[in-house]
Amino acid sequence: MASLSFQIIHVLVFCACILIPTSSQSHPHQPEKHAALFIFGDSFFDAGNNIYINTTTDYQRNFWPYGETFFDYPTGRASDGRLIPDFIAEYAKLPFLPPYLQPGSNQLTYGANFAFAGAGALDETNQGKVINLNTQLTYFKNMEKLLRQKLGDEAAKKILLEAVYLISIGSNDYLSHYFTNSSVLQSYPQKLYRHMVIGNLTVIIKEIYKKGGRKLGVLSLGPLGCIPAMKAIKKPGTGECIEEASEQAKLHNKALSKVLQKLESKLKGFKYSMFDFYTTVEDRMGNPSKYGFKEGKTACCGAGPYRALVGCGGKGTMKEYELCSNVREYVFFDGGHPTDKANQEMAKLLWSGTHNITGPYNLKELFA
């Protein structure tokens, strides 16, 4: 734990020395007007923060074949290529946002990516191995102070007010019970546990609002009990989902939707976009050919049932793994994360989808 804390502090000190460009001369291709994008969450959004602290390979993706198709090298992203925020940045005419902990990052006027693989809304989720949501908020507050120091209060206020804040969190809070020896989930009744997870997320959203954030994009949880890794561990060979886990995701999504509606009615100027990640993933798993895929239930990379019992890249106790010949035919790259192609499809829906999938606003409307 001491090693983890030391490395995080070391990088934060480094980041505090970053110079922020204040004119277009520093970035000749910078658009005249752009809204920043600030990203919080877990491995669905982590662009490589996991590389910069001393954690286990369970939460790192800085090895081959991750990144094989788009970047041609592993970046720390849990995919063969890009993640949903990468596509959103492109649609918003922003550059890819590097991980916040990456030394030398100097594009903070465009936003920042604080997400970390394995993170949960609860501090106890994968504690000591990940950068949890509360710590990500601390990073954001540090960056907000830096913006004010370099640009002045009014310019910083304008950036924060016009920015979009994108969050994907919660999956690990429910999955940690199945993949680790964590007893946190079993210690509470399910309804109370769900209230704790959403309660922590709500606090984070309110803190972002206090700092000027008004536009929020959030992913619902996916069908947790049906991802290849869950089926491989709990019901190999049966083809069945772990219904309890998927039901927890549904109840979480329903409760979160109600909370966001309340926040919109109480917080002046607050707008949000909630993306139905659950239905979008479930549809592609059940009907892959409808969306241009051939395989929706088995991962492209890994080994064992559904190519998900042994991790992609062979960094665990078992070194041998399989890699599909055409990743574009697959919904999942590894046992729990979508491929570049699947991420692109979902990003398009989050950006400009109809309001039954992404509502009450889509991200294009929030960026406008």
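When a residue number appears, it is its place in the shown sequence, counting from 1. The analysis underlying the following values was restricted to heavy atoms, covering all of them including side chains, and did not include hydrogens, waters or symmetry mates.
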[X]/[Y] ion pair, N-O < 4.0 Å:
X: Lys271; Y: Glu365; value: no
X: Glu144; Y: Arg148; value: yes
X: Asp46; Y: Arg61; value: no

Review point. Are the two sulfur (SG) atoms of Cys324 and Cys301 closer than 2.5 Å?
Key: no

Side chain to side chain, [X] and [Y], heavy atoms closer than 4.5 Å:
X: Lys206; Y: Leu263; answer: yes
X: Leu137; Y: Val203; answer: no
X: Ser257; Y: Met274; answer: yes
X: Phe40; Y: Ile208; answer: yes
X: Met196; Y: Asn200; answer: no
X: Lys315; Y: Gln60; answer: no
X: Ser246; Y: Tyr278; answer: yes
X: Gln136; Y: Phe116; answer: yes

Quick one: do [X] and [Y] end up in the same hydrophobic cluster if we chain Ile, Leu, Val, Met, Phe, Trp and Tyr together by side-chain heavy atoms under 4.5 Å apart?
X: Tyr100; Y: Phe96; value: no
X: Leu83; Y: Val218; value: no
X: Phe45; Y: Tyr174; value: yes
X: Phe63; Y: Tyr52; value: no
X: Leu201; Y: Phe270; value: yes

Is there a donor-acceptor contact under 3.5 Å linking the side chains of [X] and [Y]?
X: Asp173; Y: Thr125; answer: yes
X: Gln261; Y: Ser265; answer: no
X: Gln248; Y: His177; answer: no

Ignoring hydrogens and angles, tell me if any N or O in the side chain of [X] forms a donor-acceptor pair with the backbone of [Y] under 3.5 Å.
X: Asp340; Y: Arg82; value: yes
X: Arg77; Y: Gly48; value: no
X: Asn126; Y: Lys129; value: no
X: Glu68; Y: Asp80; value: no
X: Ser43; Y: Ala117; value: no
X: Ser176; Y: Asn172; value: yes
X: Thr358; Y: Phe275; value: no
X: Glu295; Y: Glu329; value: no
X: Asp123; Y: Asn132; value: no
X: Ser168; Y: Leu219; value: no

Point to revise | Cation-aromatic face contact Lys341/Phe293, 6.0 Å, 45 degrees | key: yes

Practice item. Please confirm whether Lys234 makes a cation-pi placement over Tyr178, using NZ or CZ under 6.0 Å from the six-membered ring centre and within 45° of the ring normal. Key: no

Return the orientation label for the [X] and [Y] ring planes: parallel under 30°, perpendicular over 60°, tilted otherwise.
X: Tyr193; Y: Tyr188; value: tilted
X: Phe114; Y: Tyr139; value: tilted
X: Tyr66; Y: Phe333; value: perpendicular

Within a radius of less than 6.0 Å around [atom1] of [X], do more than 12 heavy atoms belonging to other residues, nucleotides or ligands occur?
X: Arg328; atom1: CZ; value: no
X: Phe71; atom1: CZ; value: yes
X: His195; atom1: NE2; value: no

Practice item. Check the pair Asn343 / Met346 against side-chain contact (heavy atoms from CB on, under 4.5 Å), numbers first and verdict last. Key: CA-CA 5 Å; Asn343 279 327; Met346 289 184 281; 4.0 Å; yes

Practice item. Might you work through the salt bridge (charged side-chain N to carboxylate O under 4.0 Å, His left out) test for Lys210 and Glu207, ending with a clear yes or no? Key: CA-CA 5 Å; Lys210 288 179 183 177; Glu207 286 295 311; 3.2 Å; yes

Rounded distance [0.5 Å steps], [atom1] in [X] versus [atom2] in [Y]:
X: Leu221; Y: Leu256; atom1: CG; atom2: CG; answer: 8.0 Å
X: Leu147; Y: Leu160; atom1: CG; atom2: CG; answer: 6.0 Å
X: Leu216; Y: Glu264; atom1: CG; atom2: CD; answer: 10.5 Å
X: Phe38; Y: Ile159; atom1: CZ; atom2: CD1; answer: 7.0 Å
X: Lys231; Y: Lys297; atom1: NZ; atom2: NZ; answer: 5.5 Å
X: Lys258; Y: Lys254; atom1: NZ; atom2: NZ; answer: 5.0 Å

Check your understanding: Taking it one step at a time, do Phe277 and Phe44 satisfy ring-ring contact (aromatic ring centres under 6.0 Å, His included)?
Key -> CA-CA 11 Å; Phe277 190 61; Phe44 289 124; 5.2 Å; yes

Point to revise | side-chain contact (heavy atoms from CB on, under 4.5 Å) assessment of Thr339 paired with Val331 | key: CA-CA 6 Å; Thr339 58; Val331 174; 5.8 Å; no

Review point. Is it true that Tyr306 and Phe332 have ring centroids separated by less than 6.0 Å?
Key: no

**Study point:** Output field: ring centroids Phe140/Tyr165 closer than 6.0 Å
**Key:** yes

